[in-house]
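Here is the structure we will look at, set down as C-alpha cells.
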Amino acid sequence: MSKKIPLLVVTGPTASGKTQLAIDLAKHFDGEIVGADSMQIYKYMNIGTAKPTYAEMQGIPHYLIDFLEPLESFSVAQYVTLAKQTIDHIRARSKLPVLAGGTGLYISSLLNNISFEDIESDAELREELKQMAEEKGAEYLHEQLKTCDPSLAEKLHPNNLGRIIRGIEVFKITGKTMTELQEKSRETPSNYDACVLGLCYRDREKLYSRINLRVDKMFEQGLLEEAKKLLDDGLIGTASQAIGYKELARYFAGEESLIEAKESIKQETRRYAKRQMTWLRRDTRVKWLYVDEYSDYSKLHESSVKLINFTEI
RNA sequence: AGGGGUAUGAUGUAAUGGUAACAUGCCGGUCUCCAAAACCGUUCUUGAGGGUUCAAGUCCUUCUACCCCUG
C-alpha cells in the first residue's frame, strides 16, 4: 500500500481571492498549481474567466489552465484523468501540488477518486430522447428511466431532463445502470491526503460588491472585444456556458442592451457564487477562511499557512 | 394652477364585487459523466384614512406619491 499524496486545495466562490492565495501558498510551500476550473481550461477566454496573468503567476508553474481550444468539449471524467497525471508529475519532482479553483464537481470528483468509466455519448439517441420528452412530456421519460434504473429515477426530479436522458443513455449503451457504475466507483478509496482551504465571506454583501466591481473591471480590460472574437468563431459545448460570454452573445444578437447584458453578468456571477457556496458547505473537509475577518491580506495568508499541516511534504 | 391617469411582494404583471395568482429576484437546497450547467423548495404583496356592501384589489370619498396633458 503506497502512501497518500499530500495535496493542498484552495477553493471558494468566485472573486473570493483564491488565485492569489493559491499562488502565494505555492511559493511558500514550494508548490505548483493545478487548476480546478471548468472554464479557465480554455484558451483565449482570459478576461471573462479571470484567469491569472503571466505576471500574477509569479513564476509558479500552472497546469490544466489555458490549454484547450474553446471548441473542444471537456468533461469531468477527462479532468480527473488529467489532474491525476499532473499531480503525479508534480510529486515526481518533489513539489507540493496545489489544486486551485472553484469548480466543486471537479474537486470532489478528484478527491473522492471517482472513476468514470469511459462511456461514449450518443448524440442521436440524446436527440431522440429529447424529442420524446417534448412530445410526451418530461414525466414520460422519467417513467422510462424507472424501468431501466429505478433507484436513479427515484433520485432525479422528473423535470431534470438532462440527467434523466444521461441515465437512459448509459443504460442503453453499456447495459449497466448508472447506479451500478456509481457504486462500483465508490469502492476505490482516495489517493490523497488533502488539506482543503475554503475562502469565504461572512458578509455576503461584501462578496457581491467585489463581484460587481470585478465585472466592471473586466469590461475596462476589454471583455467586449475578447467576447466578440470568440463568439465570431462560435462557441459551443462547455465553453458556451461561461458567464460573461453567453450574456454578451445576447447583446451582439441585439436581444439585450449593453447595460442589461452587464447587469445580467453581475447577477449570474452572484448566483454562481451562491451555488458554489452551497456546494462547498456540505463538504466537511473544508477548513474555512473568512476573508472579511482579517484586517489585511498578510494576516489571512498567515492563518492559512497555520491550517496546513501535512504528515510529510 | 387646471384637467386626466396610475398605485398589488424586492421587481414586472394577473385577478365578472366572492379563498389575492404568475414570473423574476432574494434566500435555502439537490447533484458521480456538458457543472460558470441542470434541477428543486421556502419566503414576501393590495399606498394611507374613511365610506357603501353579507363580502372591496375591484365601487364612492379624502389624502399622499408618481406619470401625462394644458398653462
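Just so we're on the same page: letters track the sequence lines, and every chain starts at 1. Just so it is clear, the structure is predicted and the values come from calculations on it, not from any experiment.
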For A/Q267, answer base if it contacts any base atom (sugar-phosphate contacts may also be present), sugar-phosphate if it contacts only those atoms, and nothing otherwise; contact means non-hydrogen atoms under 4.0 Å.
-> sugar-phosphate
When rounded to whole Å, the CD to P distance for the pair A/E268 and B/C26 reads 9 Å
Just by distance, do the side chain of A/Q58 and the backbone of A/I23 share a donor-acceptor pair under 3.5 Å?
-> no
In whole angstroms, the gap separating P of B/A38 from CG of A/N160 amounts to 10 Å
Within the structure, does a side-chain N or O atom of A/T238 lie under 4.0 Å from either OP1 or OP2 of B/A35?
-> yes
Does any N or O donor sit under 3.5 Å from an N or O acceptor when you compare the side chain of A/S185 with the base of B/U32?
-> yes
Go through the side-chain N and O atoms of A/S303 and A/Y294 and say whether any donor and acceptor fall under 3.5 Å apart.
-> yes
Closest-nucleotide 5' rank along RNA chain B - winner of A/K274 and A/M39 = A/K274
Could you check whether A/G48 gets within reach of a base, just the sugar-phosphate, or nothing at all, counting any heavy atom under 4.0 Å?
-> base
Integer-rounded Å distance: B/A38 C1' and A/R126 CZ | 13 Å
Would you kindly give the NZ-to-C1' distance between A/K246 and B/A38, to the nearest whole Å?
-> 11 Å
Indicate whether OP1 or OP2 belonging to B/U30 is found under 4.0 Å from a side-chain N or O atom of A/R281.
-> no
Distance-only, no hydrogens or angles: does the A/K51 side chain make a donor-acceptor pair with backbone N or O of A/D66 under 3.5 Å?
-> no
When all nucleic acid strands are considered with a 4.0 Å heavy-atom cut-off, which category describes A/T49: base, sugar-phosphate, or nothing?
-> base
Would you say B/G25 has OP1 or OP2 under 4.0 Å from some side-chain N or O of A/Y208?
-> no
Send over the distance from A/E180 CD to B/U32 P, rounded to a whole Å.
-> 18 Å
Side-chain donor/acceptor of A/E260 to backbone N/O of A/S257, under 3.5 Å | yes
Which part of the nucleic acid, if any, lies within contact of A/Q182, taking any heavy atom under 4.0 Å across all strands shown: a base, the sugar-phosphate backbone alone, or nothing?
-> base
Within the pair A/S75 and B/C34, is there a side-chain N or O less than 4.0 Å away from OP1 or OP2?
-> no
Can you find a side chain N or O atom of A/N112 that sits less than 4.0 Å from OP1 or OP2 on B/U32?
-> no
Please confirm whether any donor atom in the side chain of A/R275 sits under 3.5 Å from an acceptor in the base of B/A38, or the reverse.
-> no
Hey, is the main chain of A/L111 close enough, under 3.5 Å, to the side chain of A/S190 for a donor-acceptor pair?
-> yes
Lys NZ or Arg CZ of A/K229 over A/Y44 ring: under 6.0 Å, within 45° = no
Of all the nucleotides listed (B/C39, B/C33, B/A37), which has the minimum atom distance to the side chain of A/H157?
-> B/C39
RNA chain B: 5'-proximal contact among A/T14 and A/M277 (nearest heavy atom) = A/M277
Which is true for A/R204 with a 4.0 Å heavy-atom rule: it touches a base, it touches only sugar-phosphate, or it touches nothing?
-> sugar-phosphate
Does B/C26 have OP1 or OP2 sitting under 4.0 Å from an N or O in the side chain of A/R271?
-> yes
Value in whole Å for how far the C1' atom of B/C33 lies from CG of A/L145 = 15 Å
Rounded interatomic separation in angstrom, taking CD from A/E260 and C1' from B/U24 = 14 Å
Looking only at atom C1', what distance separates B/U43 and B/G28, rounded to whole Å?
-> 10 Å
Spacing of A/L105 atom CG relative to B/C33 atom P, expressed in whole Å = 7 Å
Hey, does A/Y245 reach any base, or is it just sugar-phosphate, or nothing, if we go heavy atoms under 4.0 Å?
-> nothing
When all nucleic acid strands are considered with a 4.0 Å heavy-atom cut-off, which category describes A/T103: base, sugar-phosphate, or nothing?
-> sugar-phosphate
